[in-house]
Number of protein chains: 2
Amino acid sequence: MLTDMDISNCASLKDINELGADLGLLPEEMMQFGHTKAKVELSVLQRLAGQRKGKLIIVTAVTPTPHGEGKTVTSIGLTQSLNAIGKKACACIRQPSMGPVFGVKGGAAGGGYAQVVPMQEMNLHLTGDIHAVSSAHNLGAAAIAARLFHEARLGKAEFEAQSGQAFLDIDPNEIRWHRVVDHNDRCLRQIQVGLGDNNGPEYASSFDITAASELMAILALSHNLADMRARIGRLVLALNTQGQVITAEDLGVAGAMTAIMADAIKPTLMQTLNGSPCLIHAGPFANIAHGNSSIIADDIALRLADFVVTEAGFGSDMGFEKFCNIKVRQSGQVPAAAVLVTTLKALKANSGLVSESDINLPDQARLEAGFANLNWHINNVARYGIPVVVAINRFATDTDAELQWLTAAVNASSAFGCEVSDAFSQGEAGAVALAQTVVRAAETESQFKLLYSDEASLEAKLSTLAEVGYGAAGVSLSIEAKQQAQQLTVLGYGHLPLCMAKTPLSISHDPSLKGVPQDFEIPVRGLVLHAGAGFITALVGNVMTMPGLGLKPGYLKIDIDVQGEIVGLG
Amino acid sequence: MLTDMDISNCASLKDINELGADLGLLPEEMMQFGHTKAKVELSVLQRLAGQRKGKLIIVTAVTPTPHGEGKTVTSIGLTQSLNAIGKKACACIRQPSMGPVFGVKGGAAGGGYAQVVPMQEMNLHLTGDIHAVSSAHNLGAAAIAARLFHEARLGKAEFEAQSGQAFLDIDPNEIRWHRVVDHNDRCLRQIQVGLGDNNGPEYASSFDITAASELMAILALSHNLADMRARIGRLVLALNTQGQVITAEDLGVAGAMTAIMADAIKPTLMQTLNGSPCLIHAGPFANIAHGNSSIIADDIALRLADFVVTEAGFGSDMGFEKFCNIKVRQSGQVPAAAVLVTTLKALKANSGLVSESDINLPDQARLEAGFANLNWHINNVARYGIPVVVAINRFATDTDAELQWLTAAVNASSAFGCEVSDAFSQGEAGAVALAQTVVRAAETESQFKLLYSDEASLEAKLSTLAEVGYGAAGVSLSIEAKQQAQQLTVLGYGHLPLCMAKTPLSISHDPSLKGVPQDFEIPVRGLVLHAGAGFITALVGNVMTMPGLGLKPGYLKIDIDVQGEIVGLG
């Protein structure tokens with residue numbers, strides 16, 4: 001079979017204007033970027049305000065393994081097949097971060113015959129949204145550091161007289177807004193800035209990857225530009241020496257940060273290999289952020305299509321949990337059905353059983369042991385009142401016997417149904433049965449419920465997430481986390497939902513615990529307020545908000561060829 | 001008069017495809033970005049390879065003052081008026097950096113009725129080139145840090161066995177590639193990275209503003225994509241423990257860095273207020289970098305237009321000197337004429353005379369004293385064998401008597417001619433006389449000569465630049481700079497030209513020395529190799545490669561309004 005990149009390069013693409021028109025966009029609602037991308041103007045939401053909305057399908061997965069489960073392949077494949085069976089469908093997915101693209105994965109546009117094309121356009125800059133988030137974020141950091149510098153240099157009276165601005169009395173030990181870059185750069189995790197003479201206050205700082213920026217979360221959760229402007233105004237950049245919050249509004253930088261992101265709020269339209277529309281917007285990771293594409297993209301797509309397929313990062317304990325408890329809580333847009341992606345390999349790898357044999361070879365014992373992980377995720381999704389269809393993403397080495405065993409096992413579970421997907425190798429023809437089953441699932445009455453209420457205390461929310469969300473025996477907060485919970489409640493943020501930053505490689509906090517871990521406690525080492533995004537991040541275990549580059553980074557393969565084309569992605 | 005932003009917002013724009021067609025571009029040579037911008041494909045250079053080239057006009061200025069001389073206003077105004085008198089003209093200017101946009105200037109798209117429009121599109125992301133430079137630069141930094149981390153962790157034998165890559169034996173004290181961000185962030189000038197456990201090597205590092213990145217210089221100096229790829233391969237990222245250079249090619253990251261910049265190499269087409277074409281490309285500052293737009297943009301424009309107006313940053317001692325000794329040296333494209341911009345105010349401010357009276361009021365003594373600065377710049381440009389036309393950019397408060405005196409003084413100098421420009425207030429009608437005089441100047445035979453030859457030693461080049469380029473008594477090298485000159489010569493880089501990083505606020509190294517400083521020595525504190533860009537930067541005095549935000553930063557005014565439009569720029 002051809003490589004993903006070869007398939008992408010051989011694709012014959014619809015003109016971007018034709019693609020938009022087919023979806024129902026007016027010419028003035030499209031802002032073209034090259035020949036294969038267009039931003040969608042938010043004016044479409046006013047035009048279609050009274051329009052009935054299509055059904056939202058959320059795609060999630062079992063606990064991820066190094067083999068790759070093909071969640072994006074399945075999301076794109078399902079969208080293609082829904083269109084193939086005559087349903088008007090649109091995918092809504094996140095923009096890939098350059099960190100993983102150059103670090104390890106080489107791309108996140110799907111693969112095989114279920115891709116967004118051209119994949120290099122999607123995997124690199126797209127239409128610049130991640131750059132805009134990085135730039136707006138770092139302007140905020142420069143602003144807080146500069147204000148601290150000038151206030152310290154001049155003192156209250158002189159500062160106010162010379163600048164015409166209020167003295168904020170920033171506590172240099174309580175700076176809450178640091179910097180971001182969209183690369184995996186381990187040595188920026190912990191830095192000291194402001195060294196040398198006259199270079200501003202010296203303080204301990206850090207860089208996160210841009211996917212972890214609160215601005216990225218805001219981009220994904222905003223309802224419109226005015227809402228984004230208001231959220232950016234609420235960002236807490238520091239505390240003053242009295243322990244009161246200093247916001248981006250207080251600092252006078254919220255407007256400029258919004259201006260930098262004024263185009264980023266418009267989702268980007270691209271197409272799949274069979275010419276199905278795909279809106280790409282925002283890029284929060286699901287381990288260190290909320291892991292879902294934007295409310296705005298879903299909202300646009302739901303007014304233009306019968307079915308909108310969106311994807312939540314990592315396993316159902318990660319992105320899907322946050323989809324329900326953060327995104328749906330803010331959007332009010334309940335999904336009609338969920339698709340849970342698995343592979344035979346993923347279950348064997350999740351079995352916890354070590355084997356000498358190749359993971360591609362049949363191994364009934366490992367498969368049966370690994371089924372427990374899938375079954376946990378089926379029940380986890382069903383807990384939210386959403387019908388769940390399991391999609392087995394077929395690999396060439398899979399045997400019919402194992403696929404049949406697994407299908408029967410799923411059919412005996414609480415899942416709505418189970419289908420094998422050949423979207424990777426067969427494109428739109430490969431997920432027709434999956435599409436049909438999803439359509440039937442979406443016709444049932446969904447009884448969506450949140451896991452916890454706004455009113456529950458932060459500690460109660462943590463307990464619920466640990467015990468019900470992960471099946472833990474309980475939660476243990478560090479002394480610092482306890483103090484932070486108390487402080488955040490006093491400051492009036494106790495009603496916010498929680499965004500758990502934990503490893504995706506286990507349902508627990510410990511990546512070595514495979515399958516369905518038992519008898520563990522979730523250790524919470526700290527709580528971080530995101531007043532603009534509207535949630536509090538709980539740092540679980542030793543999860544880090546800045547990845548590192550491995551021993552054989554993805555960038556080694558990437559280059560331009562003699563024709564000037566990019567090679568080595570995906 | 002309306003604000004720049006109001007004028008920009010009221011402009012009726014040509015369709016971008018019509019603009020490109022008028023310039024002579026084919027539809028397939030344009031990559032549209034929204035309704036007002038398009039990248040130009042480099043395939044146009046092959047199509048027009050045999051085409052006769054138009055005349056290149058370089059715009060420079062007297063020593064800059066806080067009042068603003070209007071160099072971009074004059075460049076855009078001249079382009080507009082050349083088109084108005086029937087000459088086909090195109091401007092080629094740099095992309096503004098967000099550092100100054102949010103820091104102080106609020107924009108760099110010209111002003112009044114001599115603007116590139118829409119100005120907010122030009123001043124913010126444009127088509128993402130600066131973001132691409134930042135991203136490619138920071139990937140290089142992440143790559144060198146990660147390689148150091150893994151080599152230190154594993155040792156030579158294990159590293160080579162596990163990674164399949166050669167052990168580079170990087171000297172952690174000789175890392176030559178740090179990081180960039182496109183903001184003014186003083187506290188990133190000097191930082192310590194890699195703190196904490198397992199976060200990579202701890203080392204002293206820094207952020208420059210992106211305009212100072214060697215990749216920005218490469219973008220401006222490359223002839224085509226293959227040339228850019230080769231230059232990026234030559235970037236020196238570190239030395240090994242034997243003192244030998246480690247390049248981006250050695251590290252295996254040059255291809256990926258080029259891939260990130262593969263679209264950035266295509267200039268962006270926009271229009272001026274009268275629908276004249278303007279190519280915007282690259283953004284090096286002229287104090288800390290070479291300060292000129294790209295060779296590729298000039299090359300495209302010269303094949304499509306009769307006159308190409310390009311602009312060199314700051315005074316003629318800065319961007320214009322680098323235009324001649326770096327850009328023309330690499331491009332071979334000799335200018336036909338130069339325009340030297342001044343204002344009455346600039347001369348008064350450059351007089352060195354302190355006065356209690358308003359600088360807008362007539363003051364013959366200050367004007368006459370300030371003329372010395374203008375006369376120095378006239379002679380400095382003439383030294384390169386280029387006919388020079390002085391443009392007096394008129395302000396509303398200027399008196400006819402002073403303008404007449406200055407015109408007569410210039411006409412008695414070695415300048416080719418002198419015209420008053422009203423481009424700011426009158427648009428294309430305001431610089432007709434200037435355009436006519438520039439056309440006549442460009443018809444004379446230009447006798448271009450470089451200031452120094454490749455063969456001169458680095459110390460001899462420094463002496464020539466100091467003594468002839470700035471009128472200094474001589475140059476003094478720090479011990480470190482002397483050692484670096486020796487080391488660079490041994491390593492085989494002694495033939496490269498020099499890029500002087502010095503203050504633009506004086507012809508000397510000392511911003512307090514106004515007018516035509518005498519009896520000073522240029523202190524060189526260090527030399528920095530830019531093997532990819534093809535020059536060596538000499539750090540003069542205390543010039544810094546990362547600006548800071550002032551007491552009343554430009555971002556305070558910037559916001560979005562209720563219609564969602566950006567306000568407060570410019």
Side-chain angles (χ1 to χ4, degrees), chain A residues 31-35 39 98 102 124-125 128 131-132 135 138-139 141-143 145-146 149-150 162-164 181-196 199-201 225-226 229 252-253 255-256 258-260 262-263 548-549 551-553 555-556 558-560 564 566 568, chain B residues 31-35 39 98 102 124-125 128 131-132 135 138-139 141-143 145-146 149-150 162-164 181-196 199-201 225-226 229 252-253 255-256 258-260 262-263 548-549 551-553 555-556 558-560 564 566 568:
Chain A
M31 184 196 250
Q32 198 175 329
F33 275 69
H35 307 292
K39 277 192 170 292
M98 287 207 213
F102 289 111
L124 295 178
H125 308 283
H131 294 315
S135 180
N138 292 333
L139 178 62
F149 170 76
H150 291 297
Q162 287 188 34
S163 76
V181 67
D182 188 34
H183 284 303
N184 293 359
D185 195 346
R186 177 188 290 106
C187 77
L188 294 180
R189 282 177 189 154
Q190 207 175 312
I191 66 176
Q192 193 75 4
V193 302
L195 304 175
N199 291 340
L225 185 59
R229 173 65 183 79
V253 72
T258 309
I260 296 178
D263 277 342
L549 285 167
L551 203 52
K552 296 183 188 179
Y555 65 70
L556 292 170
I558 299 170
D559 209 330
I560 55 158
I566 294 168
Chain B
M31 184 196 251
Q32 198 176 328
F33 275 68
H35 307 291
K39 277 191 168 292
M98 287 209 214
F102 290 109
L124 294 178
H125 309 282
H131 293 315
S135 180
N138 292 334
L139 178 62
F149 170 76
H150 290 297
Q162 287 187 34
S163 76
V181 67
D182 188 34
H183 284 303
N184 294 1
D185 196 345
R186 178 189 288 108
C187 77
L188 294 180
R189 282 177 189 155
Q190 207 175 311
I191 66 176
Q192 192 75 4
V193 303
L195 304 176
N199 290 342
L225 185 58
R229 172 66 183 80
V253 73
T258 308
I260 296 177
D263 278 342
L549 285 167
L551 204 51
K552 296 182 190 181
Y555 65 68
L556 292 171
I558 299 170
D559 210 329
I560 55 159
I566 294 168

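Keep in mind that the numbers below use all heavy atoms, side chains included, and drop hydrogens, waters and symmetry copies. Note that the structure is a prediction, hence the values are computed from the model and not measured. Labels below follow one simple rule: chain letters A, B, ... track the order of the sequence lines, proteins then strands, and each chain is numbered from 1.
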- request: Sort out for me which of A:Leu188, A:Leu556, A:Leu139 touches chain B most, counting heavy-atom pairs under 4.5 Å.
  value: A:Leu139
- request: Identify which part of B:Val181 has an atom lying under 4.5 Å from any heavy atom of chain A, answering side chain, backbone, both or neither.
  value: side chain
statement: Closest non-hydrogen contact found for B:His183 with A:Ser135 is NE2-O, 2.7 Å
- prompt: Which atoms of A:Asn138 come close to chain B, meaning under 4.5 Å heavy atom to heavy atom: side chain ones, backbone ones, both, or neither?
  reply: both
statement: Among B:Gly200, B:Gly128, B:Gly194, the residue with the most heavy-atom pairs under 4.5 Å to chain A is B:Gly194
statement: B:Gly252 and A:Tyr555 have their tightest heavy-atom pair at O-CD1, 3.5 Å
A:Arg229 to B:Ile560 - nearest heavy-atom pair and separation: CB-CD1, 3.9 Å
- line: One option among B:His125, B:Met31, B:His150, B:Lys39 has the most heavy-atom pairs under 4.5 Å with chain A, and it is B:His150
- line: CD of B:Gln32 to CZ of A:Phe33, rounded to nearest 0.5 Å, is 10.0 Å
message: Distance check, rounded to the nearest 0.5 Å: A:His131 atom NE2 versus B:His131 atom NE2?
response: 6.5 Å
- prompt: Where does A:Ile566 contact chain B at under 4.5 Å (heavy atoms): side chain, backbone, both or neither?
  reply: side chain
- line: Rounded to the nearest 0.5 Å, the OG1 atom of B:Thr258 sits from the CD1 atom of A:Ile558 at a distance of 11.5 Å
message: Quick check for you: to the nearest 0.5 Å, what is the distance between B:Asn199 atom CG and A:Cys187 atom SG?
response: 8.5 Å
message: Taking every non-hydrogen pair under 4.5 Å, which of B:Ala259, B:Ala226, B:Ala132, B:Ala146 racks up the most with chain A?
response: B:Ala259
field: Pairs of heavy atoms under 4.5 Å with chain B: top-ranked of A:Ala141, A:Ala145, A:Ala256
entry: A:Ala256
- request: Only counting residues at least two apart or in another chain, list the ones meeting side chain to side chain contact (heavy atoms under 4.5 Å, CB included) with A:Ala142.
  value: B:Asp185, B:Leu549
- request: Pick whichever of B:Ile191, B:Ile260, B:Leu195 has the most heavy-atom pairs under 4.5 Å with chain A.
  value: B:Leu195
- line: Assert top hit (heavy-atom pairs under 4.5 Å, partner chain B, pool A:Met98, A:Arg189, A:His35) equals A:Arg189
statement: Heaviest contributor of heavy-atom pairs below 4.5 Å to chain B, chosen from A:Asp263, A:Val193, A:Asn184, A:Asp182, is A:Val193
- prompt: Heavy-atom distance under 4.5 Å to chain B: side chain of A:Leu124, backbone, both or neither?
  reply: side chain
